[in-house]
Amino acid sequence: MAFIEIKNLSFLYPGAEKAALNGINLTVEEGEFVLIAGASGCGKSTLLRRLKPVISAYGAVEGGVFIGGEPVEALSFRRQSAEIGFVMQDPEMQIATDKVWHELAFGLESLGIDQRTMRVRVAEMASFFGIQELFNMPVNKLSGGQKQLVCLASVMVMQPKLLLLDEPTSQLDPIAAADFFDTLKRINSELGTTIIITEHRVESLFPIVDKFVFMDGGSVRYCGEPRACAPLLGKDERLKKVLPTAMTVFYATNGGQNNNAAPLTVREGREYVKTLVANSKPAESAYDKKAAKPRRKAVKQRGEKPVVSMRDCWYRYDRAGEDILKGVSLDIYAGELVCIVGGNGTGKTTCIMTASGMYKPYRGKVVLDGKPISKYGDGELFGKRVGVLMQNPILSFVKDSVREELIYTAKTHGVDKSRVDEVAAEMEIETILDSNPYDISGGELQRAAIAKLLIFAPPVIFLDEATKGMDVFFKSKFGALLRGLAERGTAIVLVSHDIEFCAEYADRLMMFFDGGVIADGLPEATLLGNNFYTTVAARISNGIVDGAITASALIDSLSGERI
Amino acid sequence: MRDAFDNVNPVVAFVFFVFALLMPMLLLHPVMLGISLFCAVVWLFFIKGRGAFMYLVKFVIPITILTAILNPVFNHAGVTILFYIRDNPVTRESIIYGAASAVMLASVVTWFACFNHIFTSDKTVYLLGRFAPGLSLILSMSLRFVPLFTAQAKRIALAQRGAGMGTGGGNIIARAKSGLSIISSLITWSLESSVTTADSMRARGYGLHPRRSFANYRFDKRDALIGSALTLGIVATGLAAYLKLISVRYFPSIKLNEASPLFLAFCAVYALTLLIPVTMNLSEALKWRSLRSKI
C-alpha cells in the first residue's frame, strides 16, 4: 500500500458553484519527491491543504485522504503537527516570533518536548540548514530567502515524515529559490522525507523531482515522470507554457519522435540541439544571424528626447552608510519597455526610486521632460507625470474593493469616473472589479494596481518586481498588456529578476551591478554574451545557434535549419 | 563591548536587579544610598564607557539637583529651622531628606540604565517562559509584530505616494484623508496576515498542552556561585534591618543608628553584593590581560 493515497477526492468551498477539486486520485510512495503544478486557482493549494486537516478549509468533501493507511482526519492534532510539516508562500507572515532561535524551537515548544531533546533537535537542524550564524538574530534582519529557510527549518525540527510546501519560493529571487530547492533536494535524499510541493518554477524542479502532477480546473491532467509529460502537455497551446525551455524546444522540433526522452536540463538541451543541428545541415549555416529578430521599436531614435534622464546619480540611505547608486546615468524614451535586471542588493529598486523622484540623489540629477525632477512638487509629479508601483501590489490598495479603489483614485486626481471602466478594460480586470484586493491572485492584483496608475495616465510608469509570484499563464498575458501600453506611448521601466520575461517582452534591457548600469541595449545584445546571467534558451543555444534568447526564437531558427 | 554580567542566567540577573532597585527605596539610609549610587555609576561606566558620562550629565544630575532643591521648598517638617522663604520655614531635616531622596532617585535611575542594557528581550522571554509560557510567547510575538507593523506603514505610505495619493501633497483635508486611508489599510493588512500567522502556528502544533519554553540560557556553576553570593547579601540585609543594625529617621529630627562594627561589616557586605557585576568585569579584564601576555 502506498504511503499517501488520495481516493476520489472532491471538494466544494461553501457558497461556490464549481468544485475546487474534482475526483482526485493520487498515490505517493514513501520518500517520493512530488511536484504539483498548474495555473493559479487550479486547486493545487486546496489539495495540499487537504493533506493537513488542521489548516484545511471548511467545505463539502467527498472521497478521502489516507496516510499510512489511516484516514488523515483520524490523526490526532499532536501527530499531525509532528508528522506533517507545512510551509507556506509568504515567509514574512509565517514567522510568529521575534528571534530565529525561538522560531526554530516553536514547534518543539508546542509539543512540550523536554529541554535536552529540544536543544539537540534545534542544533542539528540549524547545522543541517547552515543557519547557525543566524541563530541569535532578530527575524526582521534576515533576507527573504533566509526567512523562508528558517520557516522550513522550523518545520523540519519536528522530524516530519511528510513535508508539504505551497509555492514556497514565489516571493524569492531566483538565486534564493535555487538555494531553497537545493535544501529540499538534500532533505529528500539525505533524510528520506516525502515531499509534495506546488510551484510555478518547474524549470529548476523538473530535474530533481520523481513525480510531476499537473492540475487544471480542479482535476489532475497528468501524473507521472516529468520527462514523459509530453504527449499531454506539449500539444496543448495553453498548457505547454508550463514546460521547461529545453522541453518546449524539444517538442516543437522533434517531429513527434522519442517523446519520452525529452531533455530537462540545460546540458541535456544543449546535447539535443547539437545533434539536431549536426543532423540537418552543415555547421556554418547554423550560425545564421537571422534569429536576432528586429525589435518592435528601434531603440533611441535619432533626435528623440528622453522622457526621463538620469545623470551621474549617487544615492545612499544615510550619511554614514554605503553608496547604493554609484554614478548611474540612463535615459528612458517614450513608448519603450525598459527592463532592469541584476542580482539582489545591486541597487535596482533604489535606481527606479531615484529616477521617479521618490528618492533624492545626493549628487547628480534627474531630468523629467526637460526640467529637473527636484523642481516639481510632489503633487505635480506623482499622480500626474510619474506613476510608481512598489514590489508588493497589495500596498496600493486602501479600499475594500478594486472598483472603490479606482474610483477613489479618480476622485483624488480629479478624473472623471468613466475612466475607471476604461482602465479596467485596458488591463482586463472587469471581472474582479468588485472583489476584495486580498481575495484575488497575485497576477490580477498586479494588473489592478497598474490600472490604478493608469487612471491618471502618467507618461512614465515604474514597476518594481511586477512579475513576482505570477504563474506562466498570467505572465504572458501581463507581458502582452505591458507591450500594448508601451505601444500606445507610455514609457515603462520594469525592475525584475525574471530574465526570461524581460528577454521576451523588453525593448531594451539594462543590467545592474554594484550600483551602476553595466550593460544597456537590445535584450539580445545584453544577454547573448553572458554565460550565467542570461536566459535558459541562450544557455542552451550558446555557441550552437546564434542569437536565440527565447525558446520561440530558438525554435524558429532550428526549424529554419531543418528545411 | 560585551559586559561580563551579560552571560549570567536571567533568573539570577533578575533577582540582582530587583535587589539593587528596591533596596535604596526601602532602606533610605544615607550610607546605603551612597554605596548604591557608587556601585551603579561604576558599573554604568563599565557598560557604556564614555557614554555613561553623557548619561549622567544629561539625565541623572539634573533630576538629582531638581529633587534636592524642590524638597526643602515644599516640605517644612523638621525641628531645626534655618531660615524663612516668604514666611515658610526651611529646615535642616528637609534639606538632608531632599538630598537623600535625590541620591535615591539617581541610583535607581542609574540601575535602570544598567538593567536596560543587560536585560534584553530574549532574557525577558526566557524569564517569562519559566513561569508563564503563554505570556512569554505573546511578548515574543509582539516584539516581532511591532517592527513589522511600522515597516508596513512606511511601505504603504510610499506606495500611496507613488500613485500621487500620499500625505505629502494637497490641502490639509486631502492629507488627513490619505493618512486615514493608510491606517485603515494597515489594519486590514494586519488582520489578513494574522490569518496566515495563525495557520502557520497551528500547523506547528500551537495549542497542544502542555507547552514548554525553549531555554536559551543555562544555569551553570558560576550562576550558582553568583546566586548564593546574592542570597547571602539579601539575607544579610534582611537581618540587618530586622535587628535594627541599620535604621534612619529624618523627621522630626534626624536619628541614625550607631556606627557599630557589625554595622560596618554589613555595609561591606551590601557593597560587595552590589559590586558583583563590577567584580566580574574586573576579573574578566584581568584574565584577558594575563591571557594576552602569555601569547
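On a predicted model such as this, the values are computed, not experimentally measured, just so you know. Numbered from 1 within each chain, the chains take letters A, B, ... in sequence-line order.
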Portion of [X] that has a non-hydrogen atom of chain B nearer than 4.5 angstrom:
| X | result |
| --- | --- |
| E103(A) | both |
| D114(A) | both |
| V122(A) | side chain |
| R116(A) | neither |

Crowded around [X] [atom1]? As in, over 12 foreign heavy atoms under 6.0 Å?
| X | atom1 | answer |
| --- | --- | --- |
| F112(B) | CZ | no |
| Y206(B) | OH | no |
| I173(B) | CD1 | no |
| Y317(A) | OH | yes |
| Y217(B) | OH | yes |

Of all heavy-atom pairs between [X] and [Y], which one has the smallest distance, and what is that distance?
| X | Y | result |
| --- | --- | --- |
| R211(B) | S110(A) | NH1-OG, 3.0 Å |
| A163(B) | K452(A) | CB-CE, 3.8 Å |
| R78(A) | H209(B) | NH2-O, 3.1 Å |
| S81(A) | L208(B) | OG-CD1, 4.2 Å |

Within the 4.5 Å heavy-atom criterion, are [X] and [Y] side-chain neighbours or not?
| X | Y | value |
| --- | --- | --- |
| H102(A) | N216(B) | no |
| F106(A) | F214(B) | no |
| S121(B) | K99(A) | yes |
| P133(B) | E109(A) | no |
| M118(A) | R212(B) | yes |
| L395(A) | Q152(B) | yes |
| L148(B) | N140(A) | no |

Looking at [atom1] of [X] and [atom2] of [Y], how far apart are the two atoms once the value is rounded to the nearest 0.5 Å?
| X | Y | atom1 | atom2 | answer |
| --- | --- | --- | --- | --- |
| Y408(A) | M165(B) | OH | CE | 4.5 Å |
| N392(A) | R155(B) | CG | CZ | 7.5 Å |
| L158(B) | Y359(A) | CG | OH | 5.5 Å |
| L143(B) | T97(A) | CG | OG1 | 10.0 Å |
| M93(A) | S190(B) | CE | OG | 8.5 Å |

(message) Just to be sure I understand the criterion: a residue of residues 196-204 of chain B counts if one of its heavy atoms is under 4.5 Å from a heavy atom of chain A. Which ones qualify?
(response)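 From residues 196-204 of chain B, the residues near chain A are T196(B), T197(B), D199(B), S200(B), M201(B), R202(B), A203(B), R204(B).
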(message) Sort by residue number and list every residue of residues 135-142 of chain B having at least one heavy atom under 4.5 Å from chain A.
(response) L137(B), S140(B), M141(B)
(request) Against chain A, label V125(B) side chain, backbone, both or neither, depending on which of its atoms sit under 4.5 Å from a heavy atom there. (result)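 Contact with chain A: side chain only.
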(message) Please classify the contact of S193(B) with chain A as side chain, backbone, both or neither, using a heavy-atom distance under 4.5 Å.
(response) both
For each of [options], tally heavy-atom pairs with chain B at distances under 4.5 Å, and name the one with the top tally.
| options | result |
| --- | --- |
| V388(A), T409(A), V398(A) | V398(A) |
| C151(A), S356(A), S154(A) | S154(A) |
| I84(A), V155(A), I95(A) | I95(A) |
| K52(A), Q391(A), E92(A) | E92(A) |
| L111(A), I113(A), D400(A) | I113(A) |

(request) For E192(B) and Y438(A), indicate whether the former's side chain and the latter's backbone hold a donor-acceptor pair under 3.5 Å. (result) no
(message) I'd like to know if the side chain of R161(B) reaches the main chain of M358(A), judged simply by a donor and an acceptor atom lying under 3.5 Å from each other, with no hydrogens or angles considered.
(response) yes
(message) Just so I understand: if I count every heavy-atom pair under 4.5 Å between each of D122(B), T188(B), V146(B), I156(B) and chain A, which residue has the most?
(response) D122(B)
(request) Heavy-atom pairs under 4.5 Å with chain A are the metric here; pick the option from G207(B), G129(B), S213(B), S184(B) that has the most. (result) S213(B)
(request) Go through K411(A) and K177(B) one step at a time and tell me if the side chain to side chain contact (heavy atoms under 4.5 Å, CB included) criterion holds. (result) CA-CA 12 Å; K411(A) 241 177 162 178; K177(B) 253 190 176 168; 5.7 Å; no
